[in-house]
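Here the structure comes first, spelled out in structure tokens, and everything after it is commentary.
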Amino acid sequence: MSEKTNLTYEKKTVYEKAGAEVVAEAYEYAKGYVKFIDAAKTEREAVCEGVRLAEAAGYRPYQFGDEMKAGDKFYYNNRGKNIFLFRIGTENINKGIRITAAHIDSPRLDLKPVPLYEDNGMCFLKTHYYGGIRKYQWLAMPLALHGVVVKQDGTVVNITIGENETDPVMYITDLLPHLASGQMGKNIREAFPAEKLNILVGSKPVDGEEKDSIKLGVLNYLNENYGIAEDDFLSAELCIVPAAKARDVGFDRSMICAYGHDDRVCAYPSITALIDSADTTHTSMCLLVDKEETGSDGVTGMQSSLITDLITEIAKALGGNEATVRANSKCLSSDVTATFDPNFADVYEHRNASLISCGVSMCKYTGSGGKGGTSDASAEMVGWVRRCLNEAGVVWQICELGKTDVGGGGTVAKYMANHNIDTVDIGVGVLSMHAPYELISKVDLYEAYRAFKAFYQF
Ligand code: MN
Ligand code: MN
């Protein structure tokens, strides 16, 4: 007797499909995620959290040339800005590696190299935005400063200002509506130019100083607390991010708003799924990379040769062939997609949109226009992942970002696929993507974790 075949495809929610026990697990799992995302507002901080999770699970630092054997667990901390975890399986390495790849950088405001200036009784820091922000969203709210200053002698000074309740915060002023009639007639791009995103950091002059007396006060504060002077900004990476912490949203506490869900909401389930799937025979990897929001370039981005270097080293150490290993590897590019928003329904194509609560979202392709800039996973790869997720009882959905020709976006998927590694995008749907506070559903987050775990174990 064969089972009754379901002839129609219909998305169902995690609440309908998975039941109360899974929902309760999702709420519990979300608590760990909230701790992670509050501690990881920059890629550097996410790497620190990654190292902490990895070491607690028995992973140890890897150096090129290290020997390895089945059961070994390593992490490679690349310049403090991306981290690759991998665990050696018992099966032949030529069978390939199971890889998940998420990014840990998020849109924000970076300080310019010469940021500090005084203007009409106020002291400001100039910024250069990082990634695709909507500039007006960053005005008139408490902001925090995170990052490092590298002094000329190589000393690294870590700076975090604005996260403790007693810390001062930073602020960008906005135009009062009473005087905005000129601005109201402009389009958003013209109304909010990048050079107006200046961070207010002081207004009190230093006694006895005539020139730049407020700026000197700011420099005094930085010198007393961090031992730095103005020229130390030249070799620094200082980021402005929202100052507030992640919060439950909704009377049912079913959602979380936080800064930087994109893409730490996939990074956290990727790393925890790897750590929690130790009983697999496959060699498995979790990549948490930097620079996705600016095109994945550079030594810490997904386009760096680090991934192929590591695969080469792993293949060599285990007596495999690197080309064979790559050809047989599979990757889930774990990045967020856009959740259908009823308030902006006209930009989505509902049948092919990611729906809130309907589980983790798979995108066969991303890109824009006529599928420009996407690796477009093969039907075979999608079919394989489909079986993997369904057999594990994961609630998942397939989707596109939005209506064709309305816009688009990319992920790290194509850079993995370009290495001859079958790759498909799968991640958590986000509302208000790239806003200072983004929104996700707890059950969608948990299904991402269950999906990545199923992938490592399948
Ligand atoms: Mn992303
Ligand atoms: Mn993004």
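One-based numbering, in listed order, for ligands and for the atoms of each.
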Examine R108 relative to Y130 and say whether NZ or CZ is less than 6.0 Å from the centre of the six-membered ring and inside a 45° cone about the ring axis.
-> yes
Do we see a donor-acceptor contact under 3.5 Å between the side chains of D72 and Y62?
-> no
So, for Y59 and Y75, is the gap between ring centers shorter than 6.0 Å?
-> no
Of all N, O or S atoms in D262, the one closest to the Mn ion (ligand 2) is OD2
Are K135 and F192 in a cation-pi contact, defined as NZ or CZ under 6.0 Å from the six-membered ring centre and within 45° of the axis?
-> no
Specify whether an N/O/S atom of E292 falls short of 2.8 Å from the Mn ion (ligand 1).
-> no
The Mn ion (ligand 1) to D335: any N/O/S contact under 2.8 Å?
-> yes
What is the name of the N/O/S atom in E293 that sits closest to the Mn ion (ligand 2)?
-> OE2
Would one find an N, O or S atom of H103, in either backbone or side chain, under 2.8 Å from the Mn ion (ligand 2)?
-> no
Strictly under 6.0 Å, is that where the ring centroids of Y268 and Y449 end up?
-> no
